[in-house]
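Letters A, B, ... mirror the listed sequences (proteins, then strands); counts begin at 1. Because only heavy atoms are used, hydrogens play no part in the values below, and waters and symmetry mates are left out as well, while side chains stay in.
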Number of protein chains: 2
Amino acid sequence: MGRTTLRDVAELSGFSVTTVSYVLNDIPGKRIPDSTKERVQAAAAQLAYTPNRLAQGLRRRRSDTIGFVGDHVATSPHAGQSIQGAQDAAAARGSILVLMNTGADEDLENREIRELRDRQVDGIVYAAEYHRVLTPPAALEGIPTVLLDARSTESGWSSVVPDEAGGAAAAVTELLEHGHRRIAFVNNEDDIPASSLRLDGVRQALAAADLALAPDMLTQHPSEARGGFLGALTVLDRPAHERPTGLFCFNDRMALGAYQAAQELGLRVPQDVSIVGFDNQELIAASLRPGLTTVALPHYDMGRWAVDTLMDSIDSTRKERPRYETLPCPLVRRGSVAAPPG
Amino acid sequence: MGRTTLRDVAELSGFSVTTVSYVLNDIPGKRIPDSTKERVQAAAAQLAYTPNRLAQGLRRRRSDTIGFVGDHVATSPHAGQSIQGAQDAAAARGSILVLMNTGADEDLENREIRELRDRQVDGIVYAAEYHRVLTPPAALEGIPTVLLDARSTESGWSSVVPDEAGGAAAAVTELLEHGHRRIAFVNNEDDIPASSLRLDGVRQALAAADLALAPDMLTQHPSEARGGFLGALTVLDRPAHERPTGLFCFNDRMALGAYQAAQELGLRVPQDVSIVGFDNQELIAASLRPGLTTVALPHYDMGRWAVDTLMDSIDSTRKERPRYETLPCPLVRRGSVAAPPG
DNA sequence: TCCAGCAGCCGAAACGTTTGGGCACTCGAT
DNA sequence: ATCGAGTGCCCAAACGTTTCGGCTGCTGGA
């Protein structure tokens, strides 16, 4: 038994396929008496008719499907949030998300994008694993696209990224407001936008309090627990009056390392040293003792924004100018910040 | 400019649409001279022709698309791995994955599954967030389906779950092989398959070494860091000769709590107490000092298996009997297990 | 010379929609 | 009676494939 089609509804209701289609799609121009509408709708309901979206897509030249392309779905614990945001936004507009996890290989990536285009996706969200600057794959040429968590080297591509500097400033400001004056930044050593932008944010927040970041209050290490451990050890292992009372760490994994360093030195968090992280990785931030105060990346919001602007540009007939968005990174307070000792 | 179609290739090559289709699909029955094949292929290559998959799907009554339905894409840090596995398996068979993150609401879930069916997906992977027993939503009736990380209450549904007992046994065996005799299990308190199956595994492994699990060597708490902290504290806070030298924790978050408890009591890991976790959450397991020895859940493999068996059943003409699979949970060694003290 | 058989190719229908164009009525005004 | 303007509905083409059932024209055997 095949699915029920428009024809079935037409036959049952006694009208033509055309009329049924008009009624079901509620075509504005056409005037159709209520009696007809009712009979058609009754027939459709009785048969539990739903349109075949493939046929619809073929005829309408629009699949109501958008592709989500990234190389990190499997690896990043945050990918899920952007996907979720993207999906919610798509659903709200009657579309659906097709996932494509590209390998590292550029050729493969282009092939996979073309595969999506063969399937007539209406547009594509190209998601980077972490905030970076990139040049979009060639296969994206000529189809509506939005970059997520990335800026393009060339202009002309809409994109959305987190407000790294603002987030970092919020973290430092939180420390300042608790009375801290000696504040260290345990930074990542990679040369990526997040490192430099967060450093900018730290400097801005300190400057706003008439403070500056002393060279011995800045360390750079690999962005994992071990790097955080080393960085924190460097700044904390000194006499109390020279020791920072507040630590801002590049991310939560490094903050975890900072906890370990503090423990190693016999310092308590937050009584002896306050710590703020970045990323809001639930798994870590909520598990630590005390809970880690940190800054959240707006993954969900970026996903939503990406799909929303993507669909705006699909819906609009003439070509829109690209949009560039920067979304805020809110502070998430837990228990790792207190007033400085003494 | 529209995409290039079969017609374009036909016109350029000088053959009919039919012939072009035969050549490009390499239809077995038809005899077509090489000269023709070459001309058609040249034309197709010149125009960079690729078929419109919507039209193809409509005609073939097969979309080469499979739906991945779950309620946890956003929340679970592991979802990505199953998705990745599913996607890899799908890609290997020329299909693509459509993601659908259902809400908690059952109605919504059914609607979303129907939406997938309207889009003519060939089959559906229904993924649970954690190992459980469930009854599949009504909307899945009549379409090839595989349950991932879940068993069905009714028979007739193919499904794949992790070998919880085997994984737990491996964890305890690892401790036994390092010479531990007093081993405690810091269990989760929820009544879910994972808790009872892992407990079974613990008992089996101990029994194989002629040991039993003493009541005071088993605790049950909420499955987060705090619960692990409490559980570990309970078993560890006693005189050394009664204290377990090895701890197996329900999951890595609880293991993290156990580290905290050990620290609280002045016990070093692994010199004074060895700890094994479950889940292999990189974020935690690799960040801890020392690194956490744990048991990995086969998310990726389950994803692959689900799609593979799904596509087997789609491809086979007659209805296959359901398959039930249990995949192994391998031990991942890091640094938290050593010989017991003394 | 005829015809069967076959290699090589193609027309047209079908998949399930949407939609431009138009037909057959009715009704009120002339 | 005739006309014009609506109203209510429908035919048929189109979207881009696949595939059934042929149709040609050549070859070779009788």
Tell me, please, whether A/Tyr130 has A/Arg132 positioned over its six-membered ring: NZ or CZ under 6.0 Å from the ring centre and within 45 degrees of its axis?
yes

Distances under 3.5 Å between nitrogen or oxygen atoms of protein and nucleotides 8-11 of chain C:
{"residue": "C/dC9", "atom": "OP1", "partner": "B/Thr36", "partner atom": "OG1", "Å": "3.2"}
{"residue": "C/dC9", "atom": "OP2", "partner": "B/Thr36", "partner atom": "OG1", "Å": "2.9"}
{"residue": "C/dC10", "atom": "OP2", "partner": "B/Ser16", "partner atom": "N", "Å": "2.8"}
{"residue": "C/dC10", "atom": "OP2", "partner": "B/Ser16", "partner atom": "OG", "Å": "3.3"}
{"residue": "C/dC10", "atom": "OP2", "partner": "B/Thr19", "partner atom": "OG1", "Å": "2.9"}
{"residue": "C/dG11", "atom": "N7", "partner": "B/Thr18", "partner atom": "OG1", "Å": "3.2"}
{"residue": "C/dG11", "atom": "O6", "partner": "B/Thr18", "partner atom": "OG1", "Å": "3.0"}

Within the structure, does a side-chain N or O atom of B/Gln56 lie under 4.0 Å from either OP1 or OP2 of D/dG16?
no

More than 12 heavy atoms of other residues, nucleotides or ligands under 6.0 Å from CZ of A/Arg62: yes or no?
yes

Run the numbers on B/Thr309 and B/Arg323 for side chain to side chain donor-acceptor pair (under 3.5 Å), then give the verdict.
CA-CA 8 Å; B/Thr309 59; B/Arg323 293 164 59 185; 5.4 Å; no

Rounded to whole Å, please give me the gap between CG in A/Leu58 and C1' in C/dT19.
14 Å

Report all interatomic pairs (protein N or O, nucleotide N or O of nucleotides 24-28 of chain D) with separations under 3.5 Å.
none

Donor-acceptor pair (no angle test) under 3.5 Å: B/Arg59 side chain, D/dT17 base
no

Would you say A/Arg61 reaches D/dG16's phosphate, i.e. side-chain N/O to OP1/OP2 under 4.0 Å?
yes

Below 4.0 Å: OP1/OP2 of D/dT18 and any side-chain N or O of B/Asn25
yes

Is A/Ser21 touching bases, backbone alone, or none of the nucleic acid, heavy atoms closer than 4.0 Å?
base

Only one of A/Asp64, A/Asp315, A/Asp122, A/Asp88 clears salt bridge (Lys or Arg N to Asp or Glu O under 4.0 Å) with A/Arg93; which?
A/Asp315

